[in-house]
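Nothing here was measured: the structure is a model prediction, and the numbers come from that model. All values below come from the heavy atoms of this structure, side chains included, with hydrogens, waters and symmetry mates left out. Position 1 is the first residue of the sequence; numbering continues from there.
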Amino acid sequence: FPPITYIWQTKDLRDLLERRLEFCCDPNEVPNENERRSFTRLFAPDARTGITQADMVEELITFANGSPRTLIRLAKKIFEEHLRLPPFQQFISKETYQKVLNEFKSN
């Protein structure tokens with residue numbers, strides 16, 4: 001079988017991440033579909049200022065370098081880092097987000 005090369009476009013990667021977020025969200029807790037797909041709703045309100053969902057997703061997509069697997073790993077790492085830090089906070093801090101991206105840059 002000849003291999004098929006597929007190059008993930010930014011739009012496809014964005015949709016992948018948003019759909020994964022939506023899938024992991026309870027529709028009873030977050031009834032609005034756009035909110036279920038929103039990455040920024042997971043962040044502390046002060047971290048939302050000046051940062052749009054598109055900006056954050058675009059940044060993650062840039063770091064993923066066209067790889068859907070890397071994109072999901074980055075998002076997963078952000079969640080893991082957030083849950084690792086005591087005491088548990090409802091929202092992910094901007095510092096946690098930046099820490100994960102900085103660690104990824106250095107690797």
Side-chain angles (χ1 to χ4, degrees):
F1 298 98
I4 297 173
T5 302
Y6 182 80
I7 298 172
W8 284 74
Q9 302 299 314
T10 299
K11 175 189 166 304
D12 299 329
L13 290 166
R14 183 183 313 106
D15 191 52
L16 170 78
L17 180 62
E18 291 173 352
R19 287 181 185 271
R20 180 64 65 99
L21 288 168
E22 181 181 18
F23 179 79
C24 294
C25 185
D26 183 349
N28 295 319
E29 289 185 32
V30 185
N32 182 295
E33 179 183 340
N34 289 333
E35 284 186 38
R36 286 195 306 266
R37 295 177 128 217
S38 171
F39 194 69
T40 56
R41 75 174 170 78
L42 304 173
F43 289 81
D46 62 344
R48 293 180 189 166
T49 306
I51 301 173
T52 66
Q53 174 190 8
D55 292 340
M56 297 178 94
V57 172
E58 292 302 320
E59 187 171 32
L60 288 176
I61 288 170
T62 298
F63 279 94
N65 198 25
S67 168
R69 182 171 288 149
T70 301
L71 180 62
I72 296 302
R73 284 182 181 157
L74 275 168
K76 182 178 185 262
K77 182 70 176 161
I78 290 168
F79 295 126
E80 288 173 348
E81 183 65 19
H82 169 67
L83 294 174
R84 187 184 69 74
L85 300 171
F88 177 76
Q89 300 292 316
Q90 179 179 359
F91 295 107
I92 299 169
S93 71
K94 184 177 179 182
E95 292 77 22
T96 297
Y97 174 80
Q98 286 302 138
K99 178 182 178 197
V100 170
L101 292 185
N102 288 338
E103 287 174 359
F104 185 81
K105 282 184 210 177
S106 65
N107 289 332

### Task
Report the C-alpha separation of L21 and L42 in whole Å, then their side-chain angles, then the decisive distance to 0.1 Å, and conclude whether the side-chain contact (heavy atoms from CB on, under 4.5 Å) test is met.
CA-CA 10 Å; L21 288 168; L42 304 173; 4.1 Å; yes
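- Hydrophobic clustering (side-chain heavy atoms under 4.5 Å, transitive across Ile, Leu, Val, Met, Phe, Trp, Tyr) groups F79 together with L101.
- Note that the CD atom of E59 and the CD1 atom of I61 stand 11.0 Å from one another [nearest 0.5 Å].
- Residue E81 holds its CD atom at 8.5 Å from OG of S93, rounded to the nearest 0.5 Å.
- A donor-acceptor pair under 3.5 Å is absent between the side-chain atoms of H82 and the main chain of Y97, judged by distance alone.
- Atom NZ of K105 is separated from atom CD of Q98 by 6.5 Å, given to the nearest 0.5 angstrom.
- Look at K99 and E95 and you find no salt bridge, because none of the NZ, NE, NH1 or NH2 atoms lies under 4.0 Å from a carboxylate O.
- One distance of note links CZ of R36 with CD of E22; it measures 5.0 Å at 0.5 Å rounding.
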Item to complete: Take E58 and R14 through the salt bridge (Lys or Arg N to Asp or Glu O under 4.0 Å) test and state the conclusion after the steps.
Response: CA-CA 8 Å; E58 292 302 320; R14 183 183 313 106; 2.4 Å; yes
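- Grouping the Ile, Leu, Val, Met, Phe, Trp and Tyr side chains by contacts below 4.5 angstrom, directly or via other members, places L16 apart from F23.
- Although no hydrogens or angles enter the test, the distance criterion places no donor-acceptor pair under 3.5 Å between the side chain of S67 and the main chain of A64.
- The nearest pair of heavy atoms linking L71 to L17 is CD2-CB, 4.0 Å.
- To the nearest 0.5 Å, atoms CZ (R73) and CG (L60) are separated by 15.0 Å.
- Judged purely by distance below 3.5 Å, without hydrogens or angles, the side chains of Y6 and D12 pair a donor atom with an acceptor atom.
- Of the inter-residue distances, the one linking F39 atom CZ with R41 atom CZ reads 10.5 Å to the nearest 0.5 angstrom.
- Enclosure of atom CG in N32 by more than 12 non-hydrogen atoms of other residues, nucleotides or ligands within 6.0 angstrom is indicated.
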- request: Evaluate the side-chain contact (heavy atoms from CB on, under 4.5 Å) criterion for residues F104 and T70: first the C-alpha distance (whole Å), next the side-chain angles of each, then the deciding distance (0.1 Å), finally the verdict.
  value: CA-CA 10 Å; F104 185 81; T70 301; 3.5 Å; yes
